[in-house]
Amino acid sequence: VCSRQHRSCQCFLTEKGGFLFMKENGFSLKQLSQATNTPFYTITYLRLLGRLPLIKEPTGKGSRAIYHPRCIEILQLYKNR
């Protein structure tokens with residue numbers, strides 16, 4: 001979570017030291033990949049298995065999934081296993 005100590009701040013500190021702002025109270029695939037330093041295909045794999053909670057399901061081609069902020073913890077656990 002943000003190190004700026006804002007109560008209403010919706011940003012996260014990435015592994016590379018930058019800040020990442022949530023989109024629609026969640027993360028896009030690119031944002032989640034940057035925040036956890038995880039390849040996009042691993043995130044897609046876990047989503048298709050149903051292991052990542054989603055805020056918004058993709059409805060078809062060109063539609064994006066919005067990932068729940070809890071996905072960051074899940075991906076870190078997956079990488080450290």
Side-chain angles (χ1 to χ4, degrees):
V1 180
C2 179
S3 63
R4 294 184 226 165
Q5 304 298 324
H6 297 139
R7 268 189 238 149
S8 63
C9 189
Q10 300 252 329
C11 59
F12 286 81
L13 186 63
T14 65
E15 289 183 0
K16 296 179 182 177
F19 284 98
L20 185 68
F21 291 93
M22 287 196 295
K23 183 178 189 176
E24 298 178 22
N25 295 326
F27 293 104
S28 67
L29 178 63
K30 181 178 179 178
Q31 291 175 326
L32 195 57
S33 179
Q34 289 175 347
T36 59
N37 202 18
T38 304
F40 73 92
Y41 51 83
T42 303
I43 298 169
T44 303
Y45 171 72
L46 292 172
R47 177 180 59 87
L48 292 174
L49 288 178
R51 294 189 181 180
L52 293 179
L54 297 176
I55 292 175
K56 180 184 159 218
E57 291 274 344
T59 56
K61 187 175 179 179
S63 176
R64 296 181 179 168
I66 303 296
Y67 295 89
H68 193 277
R70 198 172 70 220
C71 290
I72 291 177
E73 299 166 18
I74 296 169
L75 287 169
Q76 288 172 347
L77 289 173
Y78 182 78
K79 283 174 51 176
N80 294 331
R81 62 180 178 102

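Source: prediction; values computed, not measured. Just so you know, these numbers use all the heavy atoms, side chains as well, and skip hydrogens, waters and symmetry mates.
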Inset, instruction - Look at the side-chain heavy atoms of Ile, Leu, Val, Met, Phe, Trp and Tyr, link any pair under 4.5 Å apart, and say whether Leu49 and Tyr41 land in one connected group. - result: yes
Inset, instruction - List in chain and number order the residues that pass side-chain hydrogen bond (donor to acceptor under 3.5 Å, both in side chains) with Ser33, two or more places apart in sequence or in another chain; answer none if no residue qualifies. - result: none
Legend entry - Distance, nearest 0.5 Å, that separates NE2 of His68 from CD of Glu73: 9.5 Å
Legend entry - With Ile66, the side chain to side chain contact (heavy atoms under 4.5 Å, CB included) member among Ile55, Leu54, Asn25, Leu32: Ile55
Legend entry - Spatial distance of atom CZ (Arg64) from atom CG (Leu29) [nearest 0.5 Å]: 9.0 Å
Legend entry - Cys71 vs Leu46 side-chain heavy atoms within contact, under 4.5 Å: no
Legend entry - Residue pair Lys79 / Thr36: nearest heavy atoms and the distance that separates them: NZ-O, 2.7 Å
Inset, instruction - Apply the test side chain to side chain contact (heavy atoms under 4.5 Å, CB included) to residues Tyr67 and Gln31: give CA-CA distance (whole Å), side-chain angles for both, the deciding distance (0.1 Å), then the verdict. - result: CA-CA 10 Å; Tyr67 295 89; Gln31 291 175 326; over 6 Å; no
Legend entry - side chain to side chain contact (heavy atoms under 4.5 Å, CB included) partners of Thr59, counting only residues at least two apart: Ser63
Legend entry - pair Ile72-Phe27: side-chain heavy atoms closer than 4.5 Å: yes
Legend entry - Atom pair CG (Asn37) and CG (Leu75), whose distance is rounded to the nearest 0.5 Å: 11.0 Å
